[in-house]
Engineer: 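A single structure is presented below for examination.
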There are 2 protein chains.
Amino acid sequence: MKPPLSRDAIVRAALDLLQREGLEGMSLRKVAAALDTGAASLYAYVDDLRALQALVLDRALAGVDTAPRGRSAWRDRLAAVLRSHFHVLVKNPGLAQLAMKAIPAGPNALRVLETLLALLEEAGVDGPTAAWAVDLMLLYVTGGAVEQSLRRDDPDPLGLLAQQIGAVTASEHPRIHAARGELVSGDGDARFEWALEVLLAGILDTPRAVRRPTRAP
Amino acid sequence: MKPPLSRDAIVRAALDLLQREGLEGMSLRKVAAALDTGAASLYAYVDDLRALQALVLDRALAGVDTAPRGRSAWRDRLAAVLRSHFHVLVKNPGLAQLAMKAIPAGPNALRVLETLLALLEEAGVDGPTAAWAVDLMLLYVTGGAVEQSLRRDDPDPLGLLAQQIGAVTASEHPRIHAARGELVSGDGDARFEWALEVLLAGILDTPRAVRRPTRAP
DNA sequence: ACCTGAACACCGTTCAAGT
DNA sequence: ACCTGAACACCGTTCAAGT
């Protein structure tokens with residue numbers, strides 16, 4: 001009757017739970033219950049909760065498309081990979097937050113990493129710069145996804161931040177008051193595209209390798 | 001004998017606990033115990049755990065220096081504020097992760113926000129761009145602090161990510177293999193300074209406002 | 001009004017005892 | 001060897017009962 005226990009079945013059940021109930025809802029006890037067993041039984045296949053979370057994260061990252069339309073320029077392909085990563089994290093609640101506590105180091109994370117390094121190489125970015133650049137880009141993807149998830153899952157229609165910012169008077173904080181519309185504008189995708197442009201422009205402009213001086217000494 | 005309960009005493013005790021035991025160690029029960037009372041008593045002063053976490057975060061952000069040496073260029077002052085923010089988050093374990101789950105919207109967060117907006121205005125950045133730019137910079141500060149905290153608090157001397165990356169073979173992922181030294185180089189402060197340069201260069205180069213076309217139509 | 005002990009509904013993890 | 005029920009040491013939150 002009952003499907004046999006396995007690491008794979010456990011991770012699948014956990015991811016399913018995460019999607020439906022969020023990060024707090026993905027407990028060992030609930031995963032076990034979903035598989036018709038007790039929490040203790042999971043320890044035969046998984047070291048502990050942290051390890052399960054890392055497995056769940058990497059399984060979800062399988063959904064990141066690292067081979068978008070083959071013929072376009074490196075810039076478009078880079079943007080497409082990062083956008084795909086971003087959307088995978090935003091799509092199901094809790095995953096972005098999970099990515100912030102469990103450093104992704106599984107096979108799918110490595111696949112994404114390798115792809116990004118290849119694209120930066122194609123862009124002419126030197127090795128040391130590319131190494132730090134992928135870290136920065138992935139940090140933004142994860143952080144931006146967390147921010148967008150929090151905003152979306154907030155039961156408040158407006159959100160605490162928006163309320164606080166709306167309550168700021170011009171005499172207290174004139175610039176916050178003046179920018180209050182722009183600060184809370186919820187258009188997550190437009191922000192993402194703009195941030196991508198910023199990061200790329202900055203990275204291309206800030207190589208770590210010492211450049212040969214332009215003028216003679 | 002026992003000091004009277006108050007919101008302020010609760011937040012202070014909680015921050016103290018956070019610094020000594022990390023995010024998991026800061027429970028309502030332990031905060032109550034530190035104040036010689038029961039957890040239920042805290043609910044007279046604080047809505048729930050989330051609210052307490054937000055208060056603790058903002059209290060810690062009081063340590064962010066928004067008025068560094070008055071006479072230097074906007075760029076140096078901007079870097080100093082962000083560096084101060086970064087170090088406050090990194091200094092005590094758990095705070096950076098807390099900043100990722102509780103959107104900071106208290107008075108100290110607003111003070112930092114206003115300062116950053118003023119500095120970008122001084123830099124000649126237009127309003128809409130500045131609004132998104134502060135968000136991006138704060139996202140990096142928080143994300144970078146989380147990453148550095150995780151690395152530091154990892155009991156592993158090397159860390160899981162470093163192990164995984166070290167184990168990657170040249171034939172699997174040639175670029176990760178080639179960049180393995182740079183990818184895991186733990187020099188957090190150098191990375192921070194580089195990332196700051198990248199962000200500033202990118203922001204100055206990517207205004208949201210439509211620019212007047214350079215050439216005639 | 002303010003405070004609190006006990007209870008409720010959960011957790012992750014361990015371990016002796018089963019098959 | 002594999003599995004598991006019960007136990008252990010925790011959680012956040014509620015609420016009736018105290019002063």
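Numbers restart at 1 for each chain; the letters A, B, ... are given by sequence-line order, proteins then strands.
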Engineer: Return the nearest nucleotide to the side chain of B/Lys30; candidates are D/dG5, C/dT13, D/dC11.
Structural biologist: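 Nearest to the side chain of B/Lys30 among the choices is D/dC11.
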Engineer: Measure the distance from OH on A/Tyr43 to P on C/dA16 and round it to the nearest whole Å.
Structural biologist: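 The distance from OH of A/Tyr43 to P of C/dA16 comes to 17 Å, rounded to the nearest Å.
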Engineer: Is the cationic atom of B/Arg208 (NZ for Lys, CZ for Arg) positioned less than 6.0 Å from the six-membered ring centroid of B/Trp132 and within 45 degrees of its normal?
Structural biologist: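 Pair B/Arg208/B/Trp132 counts as cation-pi.
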Engineer: Quick one: B/Lys101 NZ to D/dG12 C1', roughly how many Å, whole number?
Structural biologist: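 Going from B/Lys101 (NZ) to D/dG12 (C1'), I get 13 Å.
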Engineer: Take atom CZ of B/Arg50 and atom C1' of D/dT13, then tell me their distance rounded to the nearest Å.
Structural biologist: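 Spelled out: CZ on B/Arg50 to C1' on D/dT13 is 15 Å.
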Engineer: To the nearest Å, how far apart are A/Leu23 CG and D/dC11 P?
Structural biologist: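 Atom-to-atom, A/Leu23 to D/dC11, this comes out as 19 Å.
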Engineer: Between B/Pro93 and B/Glu21, is any pair of side-chain heavy atoms under 4.5 Å apart?
Structural biologist: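 Result no, sub-4.5 Å side-chain heavy-atom pair not found.
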Engineer: Given atom CE of A/Met26 and atom C1' of C/dG12, what is their separation to the nearest angstrom?
Structural biologist: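 Going from CE in A/Met26 over to C1' in C/dG12 covers 12 Å.
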Engineer: Using heavy atoms to find the nearest nucleotide of DNA chain C for A/Glu24 and B/Ala44 separately, return the residue whose nucleotide is more 5′.
Structural biologist: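 In this pair, the answer is B/Ala44.
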Engineer: Taking only the C1' atom of each, what is the distance from D/dA16 to C/dC2 in whole angstrom?
Structural biologist: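 D/dA16 and C/dC2 have their C1' atoms separated by 15 Å.
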Engineer: Does A/Arg20 have more than 12 heavy atoms from other residues, nucleotides or ligands lying within 6.0 Å of its CZ?
Structural biologist: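 Counting other residues, nucleotides and ligands, CZ of A/Arg20 exceeds 12 neighbours.
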Engineer: Are any of the side-chain heavy atoms of B/Met100 and A/Lys101 separated by less than 4.5 Å?
Structural biologist: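 Contact flag for B/Met100/A/Lys101 side chains = no.
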Engineer: Applying the Watson-Crick and G-U wobble criteria at under 3.5 Å, what pairs with C/dC2? Answer none if nothing qualifies.
Structural biologist: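 Result: D/dG18.
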Engineer: Please pick, from C/dT4, C/dG12, D/dC11, the nucleotide with the shortest atom-to-atom distance to any side-chain atom of B/Arg29.
Structural biologist: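 The closest nucleotide is D/dC11.
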Engineer: What is the pairing partner of C/dC8, taking Watson-Crick or G-U wobble pairs with both distances under 3.5 Å in any strand?
Structural biologist: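 Looking at the geometry, C/dC8 pairs with D/dG12.
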Engineer: Are OP1 or OP2 of C/dC3 and a side-chain N or O of B/Thr37 less than 4.0 angstrom apart?
Structural biologist: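 For B/Thr37, the contact criterion (side-chain N or O under 4.0 Å from OP1 or OP2 of C/dC3) is not met.
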Engineer: Given C/dC3, C/dC15, C/dA6, identify the nucleotide with an atom nearest to the side chain of A/Ala40.
Structural biologist: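 Selected nucleotide (nearest to the side chain): C/dC15.
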Engineer: Of the nucleotides C/dC3, D/dG12, D/dC3, which one has an atom closest to the side chain of B/Ser41?
Structural biologist: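 Closest nucleotide to the B/Ser41 side chain: C/dC3.
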Engineer: Starting at CG of B/Asn108, measure out to CG of B/Leu57 and round the result to the nearest 0.5 Å.
Structural biologist: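 That separation rounds to 9.5 Å.
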Engineer: I need the CG-C1' distance between A/Leu49 and D/dA9, as an integer number of Å.
Structural biologist: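 My rounded result for the distance is 16 Å.
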Engineer: Return the value, rounded to whole Å, for the distance between atom CG of B/Asp48 and atom C1' of C/dA9.
Structural biologist: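 Atom-to-atom, B/Asp48 to C/dA9, this comes out as 17 Å.
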Engineer: In whole Å, I'd like the distance from the CG atom of B/Leu28 to the P atom of D/dG12.
Structural biologist: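 Rounded to the whole Å, the gap is 5 Å.
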